[in-house]
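Contents: one structure, followed by commentary.
What you see is a predicted model; the values in this text were computed from it and never measured.
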Amino acid sequence: MKKFILLFAALIISGACFAQRPSITDFCYYDSYCNTIETYSCEQIIAKLRAKGYYVSNTEIYYIDNDRERGCYYYYLYNSNSNTTVEISQYEGPSQITFNSMEDGLRFVSEAVNMNYIKRSNGSKYIMTREQEYGVCGLSLNGKYIYFDNYVY
């Protein structure tokens, strides 16, 4: 009976960590009307990740050409259970995910490929399967890091 309880507890804990991993669907969605993969706004992505237990651990502002009127906010969201950090730009969208391990990065990419959101371009580069004007247009996998390529909003 003790073994069963320990196994059940391990399954619950691993399931909770899995549910807290970011997914491609936290950043993008399929728009059937336009037949495109669209990117959520910065605010929508932050809301989706907060629902998974992420919190804004840091906010930075970068000024374009030292113009105080044209600042761009970067948000860093962190989840301590999955040890994952997500970086999002106010205008450019998601820019990077730092996973706990390389396997988590591979899971993210595999899920996006299986959902037909991205396809392999060459090596560790992936491109979106449909054309769009704004948002995520591709991503790169480098170990435990995912780097997003974005069309500027």
Please determine, by modelled atom types, if S101 and K144 share a side-chain donor-acceptor pair under 3.5 angstrom.
no
Could you go through E92 and Y74, starting from their C-alpha distance and side-chain angles, then the distance that decides it, and tell me whether this counts as side-chain contact (heavy atoms from CB on, under 4.5 Å)?
CA-CA 9 Å; E92 297 173 5; Y74 282 83; 3.9 Å; yes
What closest approach, in Å, do T129 and K119 show between heavy atoms, and which atom pair accounts for it?
CG2-N, 4.0 Å
Taking the side chain as every heavy atom from C-beta outward, state whether M115 and T25 have any pair of such atoms under 4.5 Å apart.
yes
Is Y54 close to T84 at the side-chain level, that is, under 4.5 Å between some pair of heavy atoms?
yes
Could you check if a side-chain atom of S89 sits within less than 4.5 angstrom of a side-chain atom of C42, using non-hydrogen atoms only?
no
Is Y126 close to V109 at the side-chain level, that is, under 4.5 Å between some pair of heavy atoms?
yes
Quick check for you: to the nearest 0.5 Å, what is the distance between K125 atom NZ and N122 atom CG?
8.0 Å
Is R50 reaching over with its side chain to a backbone N or O of G53, donor-acceptor style, under 3.5 angstrom?
no
Work out which heavy atom in I88 is nearest to a heavy atom in V86; give both atom names and the distance.
CG1-CG1, 3.9 Å
Sequence neighbours excluded, the answer for ring-ring contact (aromatic ring centres under 6.0 Å, His included) partners of Y147 is none
Roughly how far, to the nearest 0.5 Å, is CZ of R130 from CG of N35?
5.0 Å
Could you give the distance from CZ (R107) to CZ (R21), rounded to the nearest 0.5 Å?
5.5 Å
Y73 meets the side chain to side chain contact (heavy atoms under 4.5 Å, CB included) criterion, sequence neighbours left out, with T59, I61, Y75, Q90
So, for Y29 and Y40, is the gap between ring centers shorter than 6.0 Å?
yes
Working to the nearest 0.5 Å, report the span between CE of M128 and SG of C137.
8.5 Å
Is M102 reachable from Y145 through a run of I, L, V, M, F, W or Y residues, each pair having side-chain heavy atoms under 4.5 Å apart?
no
Look at the rings of F148 and F108 and say which category their plane angle falls in: under 30° parallel, 30 to 60° tilted, over 60° perpendicular.
perpendicular
Do Q96 and T98 have side-chain atoms, one donor and one acceptor, less than 3.5 Å apart?
yes
If a pair satisfies salt bridge (charged side-chain N to carboxylate O under 4.0 Å, His left out) and one of its residues is in residues 24-39, list it, with sequence neighbours excluded.
D26-K52
To the closest 0.5 Å, what do you measure between OG (S140) and CD1 (I146)?
8.5 Å
I24 CD1 to N114 CG distance, which is reported to the nearest 0.5 Å
12.0 Å
Is there a side chain to side chain donor-acceptor pair (under 3.5 Å) between Y78 and N83? Walk through the geometry before answering.
CA-CA 7 Å; Y78 181 71; N83 193 26; 2.7 Å; yes
Polar side-chain atom of T39 near backbone of V136 as donor-acceptor pair, under 3.5 Å:
yes
How close do S121 and I127 get, counting heavy atoms only, and between which atoms?
CB-CG2, 3.9 Å
Atom of P22, atom of L49 and distance for their closest heavy-atom approach:
CB-CD2, 4.2 Å
When you compare the side chains of E111 and S23, does any donor N or O come within less than 3.5 Å of an acceptor on the partner?
yes
Do any N or O atoms from the side chain of N100 and from the backbone of S82 form a donor-acceptor pair under 3.5 angstrom?
no
I'd like to check T85 versus L77 (side-chain heavy atoms, cut-off strictly below 4.5 Å). Are they in contact?
no
Decide yes or no on side-chain contact (heavy atoms from CB on, under 4.5 Å) for I97 and F27, but give the supporting numbers first.
CA-CA 11 Å; I97 304 173; F27 304 97; 3.7 Å; yes
Taking atom types as modelled and ignoring hydrogens, do the side chains of Y30 and N116 form a donor-acceptor contact shorter than 3.5 angstrom?
no
Return the minimal non-hydrogen interatomic distance between I37 and C28, and the atom names on each side.
CG2-CB, 3.7 Å
Are the side chains of N79 and Y55 in contact, using a 4.5 Å heavy-atom criterion?
no
Within the distance-only criterion (no hydrogens, no angle test), does the side chain of S95 pair as donor or acceptor with the backbone N or O of E87 below 3.5 angstrom?
yes
